[in-house]
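Note that these values count all heavy atoms, side chains included, but never hydrogens, waters or copies made by symmetry.
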Amino acid sequence: MAITASAVKELRERTGAGMMDCKRALTEADGNMDKAIELLREKGLAAAAKKAGRIAAEGIVDSYIHMGGRIGVLVEVNCETDFVAKTDNFKSLVKDIAMQIAAANPQYVSKEEVPADVVEKEKEILRAQALNEGKPEKIVERMVEGRIQKYYKEVCLLEQAFVKDSDKTVGGMITEAIAAIGEKISVRRFVRYEMGEGLQKREDNFVDEVMKQAGM
């Protein structure tokens, strides 16, 4: 069947995928919009890794302010085109990332950003802990490597469990978005402010509070 320009435009607006990708998906799906979306997502997941080397110089800086102004986050998320940066899907993704930062308080974007001296210091602490637990020295290094991966999951945004769906990581959630949108997406930087940070105060469960504010 003939694929109309309006159908291609609608699919592009709904997914953020390229015009030719949308046309091919609609052709393969015989014009069925929902099926075309599924095809784009299936193909996008396989192609997401190929987009890693592409340049993402567009995007937006977004903010998230926790109820009452107790926590504030600014985050820059990049994509390849200004068109995608303006879509609701991309804006929703960025908002979710900002909420994640507010709730889980990561220190770095990725494992690669953690300074080598910080990693080595953490490993020294983990080695001492393992030895103090009476573990044989021959297995201590394996234990340290396992525990350093757990450390990354605590302090690196992309390694953290996604607060809206703990079955996936933030990195995995972004990969799914790349598949759906059809462009490289990367978190460039963020800053998180917490009122009274560094001052003695009561402990709060910020994950629960942030999710309550979001209506989850």
Side-chain angles (χ1 to χ4, degrees), residues 14-18 40-41 44-66 69-119 122 148-195 197 206-211 213-214 216:
R14 290 179 63 177
T15 66
L40 283 172
R41 287 178 174 169
L45 282 172
K50 297 179 181 179
K51 296 179 173 64
R54 284 156 52 167
I55 297 173
E58 296 294 336
I60 58 175
V61 174
D62 201 5
S63 63
Y64 178 86
I65 306 298
H66 184 66
R70 296 177 57 201
I71 300 175
V73 170
L74 284 174
V75 61
E76 177 182 348
V77 182
N78 299 131
C79 56
E80 295 179 52
T81 64
D82 184 55
F83 176 86
V84 164
K86 294 177 180 177
T87 62
D88 290 340
N89 284 348
F90 184 76
K91 292 177 181 178
S92 177
L93 171 69
V94 177
K95 186 63 70 177
D96 280 344
I97 293 171
M99 183 186 298
Q100 174 80 28
I101 295 166
N105 192 19
Q107 305 301 304
Y108 310 94
V109 173
S110 65
K111 293 190 289 187
E112 292 72 24
E113 282 192 3
V114 185
D117 61 328
V118 172
V119 175
E122 188 66 22
I148 203 69
Q149 295 305 315
K150 182 178 179 181
Y151 168 75
Y152 286 139
K153 292 178 181 180
E154 293 173 354
V155 303
C156 299
L157 173 66
L158 300 183
E159 302 298 318
Q160 290 181 336
F162 183 34
V163 293
K164 285 188 173 181
D165 183 354
S166 60
D167 290 333
K168 66 181 71 172
T169 64
V170 175
M173 180 266 291
I174 292 175
T175 297
E176 290 181 358
I178 292 171
I181 291 174
E183 289 192 3
K184 177 182 178 180
I185 297 170
S186 60
V187 181
R188 184 182 179 206
R189 53 187 171 176
F190 65 84
V191 62
R192 179 185 186 275
Y193 295 103
E194 184 179 326
M195 185 179 67
E197 193 167 15
F206 288 128
V207 173
D208 288 347
E209 288 195 17
V210 169
M211 299 312 292
Q213 180 181 339
M216 298 298 294

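- A distance of 9.0 Å separates CD in Glu154 from CD in Gln160, rounded to the nearest 0.5 Å.
- Looking at Arg189 and Glu76, a side-chain N of the basic residue comes within less than 4.0 Å of a carboxylate O on the acidic one, giving a salt bridge.
- When atom types are taken as modelled, the side chain of Glu58 and the backbone of Ala85 share no donor-acceptor pair closer than 3.5 angstrom.
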Pair Ile101, Tyr64 - check side-chain contact (heavy atoms from CB on, under 4.5 Å), show working.
CA-CA 9 Å; Ile101 295 166; Tyr64 178 86; over 6 Å; no
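- For the atom pair Ile178 CD1 and Met173 CE, the distance stands at 10.5 Å (nearest 0.5 Å).
- Under the 4.5 Å side-chain criterion, counting only non-hydrogen atoms from C-beta, Phe90 is not in contact with Thr81.
- At least one side-chain heavy atom of Lys86 sits under 4.5 Å from a side-chain heavy atom of Asp82.
- With Gln100 contributing its side chain and Ala161 its backbone, the two residues share a donor-acceptor pair below 3.5 Å.
- Residue Gly72 comes nearest to Ile65 through the heavy atom pair CA-CD1, 3.8 Å, listed as atom of the first residue, atom of the second, then distance.
- In this structure, the side chain of Ser92 does not engage the main chain of Asn89 through any donor-acceptor pair within 3.5 Å.
- Rounding to the nearest 0.5 angstrom, the gap separating the CD atom in Glu122 from the OH atom in Tyr152 is 9.5 Å.
- The closest donor-acceptor contact from the side chain of Arg192 to the backbone of Val73 lies at 3.5 Å or more, if one exists at all.
- Side-chain contact check for Val187 versus Val75: some heavy-atom pair is nearer than 4.5 Å.
- Here the closest heavy-atom approach between residue Pro106 and residue Cys156 is recorded as CB-C, 4.3 Å.
- Contact record, Lys168 with Glu176: NZ-OE1, 2.9 Å, taken as the closest heavy-atom pair.
- Minimum interatomic distance between Ile71 and Ala102 (heavy atoms only, all atoms of both residues): CD1-O, 3.9 Å.
- Counting only distance, with no hydrogens or angles, the side chain of Glu159 and the backbone of Leu157 share no donor-acceptor pair below 3.5 Å.
- Atom NZ of Lys95 sits in a crowded spot, with more than 12 heavy atoms from other residues, nucleotides or ligands closer than 6.0 Å.
- Around the CG atom of Asp117, the shell of radius 6.0 Å holds more than 12 heavy atoms that belong to other residues, nucleotides or ligands.
- Tested against Phe162 for a side-chain contact (heavy atoms from CB on, under 4.5 Å), the candidates Thr169, Asp96, Ile97, Ile174 yield a single pass: Asp96.
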